Student: 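Could you have a look at this structure, given as structure tokens, before my questions?
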Amino acid sequence: MTAEVVAKPKVTDREDIAKRLLRGSAKASYDPLVEIDWDAPVDPDMWAIRPERISIYGTHLWDQLSEDKRKELSRLEVASVATIGIWFETILMQMLVRHAYHNDPTSLHVQYAYTEIADECRHTVMFAKMVRKLGWETHRLDPVTFHLGRVFKAIAHGPLIFAGALFVEEVLDQLQREAVPDEQILPLVRAVARIHVTEEARHMRYAREEFQRDWPERSALNKAYSRIVLGLVTYYSATRLINPKVYEQVGLDPKEAYRVARGNPHWVGTKTWAARKVVNTLDTAGAISGLGRYFWKKAGLLGS
């Protein structure tokens with residue numbers, strides 16, 4: 001009997017990809033401190049995200065809020081999501097430095113890693129300034145999530161680094177791509193989104209190519225472990241996007257609102273929609289299964 005041959009996905013040469021990404025960075029990189037008017041006032045009559053993307057949209061709690069409070073909640077939720085972006089991009093920068101440490105710094109692949117780190121440094125500052133402008137204060141994550149992040153950045157290897165990065169970047173990218181052309185959205189939020197979408201397109205290409213190159217070479221045991229860790233990371237990232245304190249700030253009971261949001265089909269649908277591309281990439285590769293898949297599902301990332 002002839003053994004079945006499983007075809008590996010075609011992967012573009014690592015150095016060729018890095019060369020293209022470096023060229024793209026040279027042509028289209030931005031300094032948010034210069035490109036964005038941080039002194040412009042935030043118009044309270046505009047949305048920060050489409051109302052149907054707000055976590056309690058369509059629920060009885062949404063009906064209780066005035067239009068002004070709904071728009072305030074939109075600003076707070078965008079700021080909350082940005083704080084999770086800061087958290088994970090800080091983790092990603094540390095993982096990319098470690099990735100570069102183990103590879104040849106004269107290679108274009110590692111030089112792009114350093115370029116991405118520089119991009120992420122600017123993004124974290126940009127997000128932090130936006131958070132403050134939108135009327136939100138950052139709050140330390142709960143101890144489990146905070147320490148999971150510390151563990152993840154210390155133990156993640158190649159495919160875990162890039163699968164985790166791809167998840168967070170894809171979810172943010174989908175929300176921001178929707179905001180860029182929408183004139184009901186605050187100019188500040190659209191400006192931040194425009195910069196982030198442009199630069200993250202290169203980061204996602206880098207992460208996707210590296211994941212697809214590295215994942216097939218891993219052992220069955222390594223893959224099984226990676227699926228569980230990745231499931232945990234996506235679960236804690238997706239379920240912490242909206243800090244319950246945002247509800248308190250608009251006069252709602254934070255515990256009740258958090259519970260209502262978790263069961264809200266509109267919010268679950270938004271997360272499923274935002275994660276659909278990365279889910280397709282990772283699921284096709286066999287990286288979402290078993291116990292790991294349970295965490296993806298529990299986080300509302302796979303739909304019903």
Side-chain angles (χ1 to χ4, degrees), residues 9-37 82 85-86 88-130 156 158-182 187-215 274-278 280-282 284-285:
K10 183 179 179 181
V11 179
T12 310
D13 177 74
R14 203 186 209 191
E15 287 294 272
D16 183 51
I17 288 295
K19 183 178 181 179
R20 296 181 199 178
L21 294 174
L22 285 166
R23 187 182 297 125
S25 296
K27 291 180 179 179
S29 289
Y30 303 95
D31 182 351
L33 297 180
V34 175
E35 300 288 341
I36 297 174
D37 182 3
I86 292 170
F88 197 86
E89 289 195 341
T90 302
I91 291 172
L92 175 59
M93 285 187 280
Q94 295 176 74
M95 294 192 298
L96 284 173
V97 167
R98 186 156 50 82
H99 178 70
Y101 184 82
H102 291 284
N103 289 277
D104 179 5
T106 66
S107 70
L108 297 178
H109 174 77
V110 170
Q111 289 172 25
Y112 184 75
Y114 287 130
T115 301
E116 181 172 338
I117 292 164
D119 290 345
E120 299 295 13
C121 284
R122 294 193 300 274
H123 293 172
T124 54
V125 173
M126 176 175 69
F127 283 172
K129 290 180 73 65
M130 181 180 70
L160 265 178
I161 292 173
F162 293 104
L166 197 56
F167 167 71
V168 174
E169 290 170 349
E170 286 271 22
V171 168
L172 289 176
D173 183 74
Q174 291 302 299
L175 292 169
Q176 291 179 321
R177 281 182 184 277
E178 185 177 65
V180 169
D182 194 336
L188 169 64
V189 174
R190 294 170 68 195
V192 168
R194 189 176 294 110
I195 290 174
H196 201 244
V197 162
T198 300
E199 298 185 340
E200 288 296 328
R202 297 190 293 265
H203 301 177
M204 290 187 291
R205 177 72 185 278
Y206 186 69
R208 190 177 298 109
E209 291 281 340
E210 194 60 20
F211 170 79
Q212 292 176 336
R213 180 180 294 108
D214 198 348
W215 178 257
R276 71 195 187 284
K277 289 187 176 181
V278 67
N280 181 63
T281 298
L282 300 180
T284 300

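Computed from a prediction, not measured in an experiment: that's the story for all the values here.
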Student: Hey, could you give me the CG/CD distance between L96 and E116, rounded to the nearest 0.5 Å?
Tutor: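 It is 5.0 Å, given to the nearest 0.5 Å.
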Student: Quick check: closest heavy atoms across Q176 and V192, and the distance to 0.1 Å?
Tutor: NE2-CG1, 4.5 Å
Student: Give the minimum heavy-atom separation between I86 and A128, together with the two atoms involved.
Tutor: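 Taking I86 first and A128 second, the nearest heavy atoms are CD1-N, 3.7 Å.
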Student: Will you find, in the side chains of H109 and N103, an N or O donor that is under 3.5 Å from an N or O acceptor?
Tutor: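 Distance-only check fails for H109 and N103.
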Student: Roughly how far apart are Q212 CD and F162 CZ, rounded to 0.5 Å?
Tutor: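 Here the rounded value is 12.5 Å.
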Student: How many angstroms lie between atom CD of E210 and atom CG of L166, to the nearest 0.5 angstrom?
Tutor: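 The CG atom of L166 is 12.0 Å from CD of E210, to the nearest 0.5 Å.
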Student: Between E199 and R122, does any NZ, NE, NH1 or NH2 come within less than 4.0 Å of an OD or OE carboxylate oxygen?
Tutor: yes
Student: Looking at every heavy atom in both M93 and I117, which two are closest together, and how far apart are they?
Tutor: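 Looking at all heavy atoms of both residues, the closest pair is SD-O, 3.8 Å.
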Student: Looking at CD of E15 and NZ of K19, how far apart are the two atoms once the value is rounded to the nearest 0.5 Å?
Tutor: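 With rounding to 0.5 Å, CD (E15) is 10.0 Å from NZ (K19).
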Student: For a 4.5 angstrom cut-off between non-hydrogen side-chain atoms, does I36 reach K129?
Tutor: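 Side-chain contact under 4.5 Å: no.
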Student: Go through Y112 and I17 one step at a time and tell me if the side-chain contact (heavy atoms from CB on, under 4.5 Å) criterion holds.
Tutor: CA-CA 10 Å; Y112 184 75; I17 288 295; over 6 Å; no
Student: Once you measure the plane-to-plane angle for H203 and H123, does it fall in the parallel (<30°), tilted (30-60°) or perpendicular (>60°) bin?
Tutor: tilted
Student: So, taking the atom named OG1 in T90 and the one named CE in M95, what distance separates them when rounded to the nearest 0.5 Å?
Tutor: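 Atom-to-atom, T90:OG1 and M95:CE are 11.0 Å apart.
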Student: Quick one: pull up CD1 in I161 and CD1 in I91 and give me the separation to the nearest 0.5 Å.
Tutor: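 Between atom CD1 of I161 and atom CD1 of I91 there are 12.0 Å.
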Student: I would like to know whether Q111 and S25 meet side-chain contact (heavy atoms from CB on, under 4.5 Å); could you show each step before the answer?
Tutor: CA-CA 11 Å; Q111 289 172 25; S25 296; over 6 Å; no
Student: Can you tell me which residue among K277, M204, E178, H196 is in a side chain to side chain contact (heavy atoms under 4.5 Å, CB included) with D173?
Tutor: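 It is M204; the other options fail the test.
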